[in-house]
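This is a predicted model, so every value here is computed, not measured.
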Amino acid sequence: MKPIKLTTILAIIVLFFSCQDKKTSKEKTAKPNIVFIMSDDHAYQAISAYDNTLIETPNIDRIAKEGMLFENATVTNSICAPSRAVILTGKHSHINGKIDNLSKFDTSNITFPQLLQKAGYQTAMFGKLHFGNNPKGFDEFKILPGQGSYYNPRFITQKGDTIIKGYVTDITTDLTLDWMKNRRDKKKPFLLMYLHKAPHRAWLPSEKYYKEFTQKTFPLPATLF
């Protein structure tokens, strides 16, 4: 990556503050809505914004085109559940205590959704958490137990477990859209965490894609074995 010139940085800062000054007082005090989207074990090679050899992902590509595409990034922990604990707490794994997928999340930790609740936000989580216990700081959640199932998955809710028939990616999306469009309090800012099980192994597609993907050959990485 080419280094960014200091003049460029200063120009961006000036532009940012000049734009801020033009905002009305109402816009300055408005709290932004937050939608956090996560897919599980999703390699960059399987996102066509980076590489379209394997598959086309037009909706993710649109987010990259209209927002930001990371070409040089790192993570504090790349393992499934510990990565979520880092995101929710803002702490490294050796501090928040969630160091692997087996141990339960230490609920004495404060999560950022709890802080947003105190700031007047409505919060919801749908999909995969893999904590071994329920999430903290959410007004509503429907989460998969453990890894969850691709077909007819069971969900854990505040009101007890429920089984929803269908394919887990479609179900998680429908739950998320229904809450955002129809059931949230429109007078409050919101945090919505939309967490997919896919494409975590065993890589089972929706039935409508059986024909396409069971007949497709994916090249093996040179370093696979």
Can a donor-acceptor pair be found, under 3.5 Å and without considering hydrogens, that links the side chain of [X] to the backbone of [Y]?
X: Lys31; Y: Lys188; value: no
X: His42; Y: Ala46; value: yes
X: Thr123; Y: Asp139; value: yes

Are [X] and [Y] close enough for a salt bridge, meaning some N to O gap below 4.0 Å?
X: Glu212; Y: Lys216; value: no
X: Arg154; Y: Asp161; value: yes
X: Arg201; Y: Asp41; value: no
X: Glu140; Y: Arg184; value: no

| Atom of Ser93, atom of Ile99 and distance for their closest heavy-atom approach | O-CG2, 3.6 Å
| field | Phe213 and Phe218 aromatic ring geometry - parallel, tilted or perpendicular at 30°/60° bounds | value | parallel
| Aromatic ring pairing Tyr210/Tyr151, orientation class (parallel under 30°, perpendicular over 60°, tilted between) | perpendicular
| field | Between Thr57 and Ser48, a side-chain donor and acceptor under 3.5 Å | value | yes
| said: To the nearest 0.5 Å, what is the distance between OG on Ser39 and NE2 on His200? | reply: 12.0 Å
| Would you say Gln147 and His130 make side-chain contact, with heavy atoms under 4.5 Å? | yes
| field | Worked check of salt bridge (Lys or Arg N to Asp or Glu O under 4.0 Å) between Arg183 and Asp178 | value | CA-CA 7 Å; Arg183 297 191 300 103; Asp178 179 56; 2.9 Å; yes
| query | Is the Tyr150-Trp203 ring centre distance short of 6.0 angstrom? | reply | no
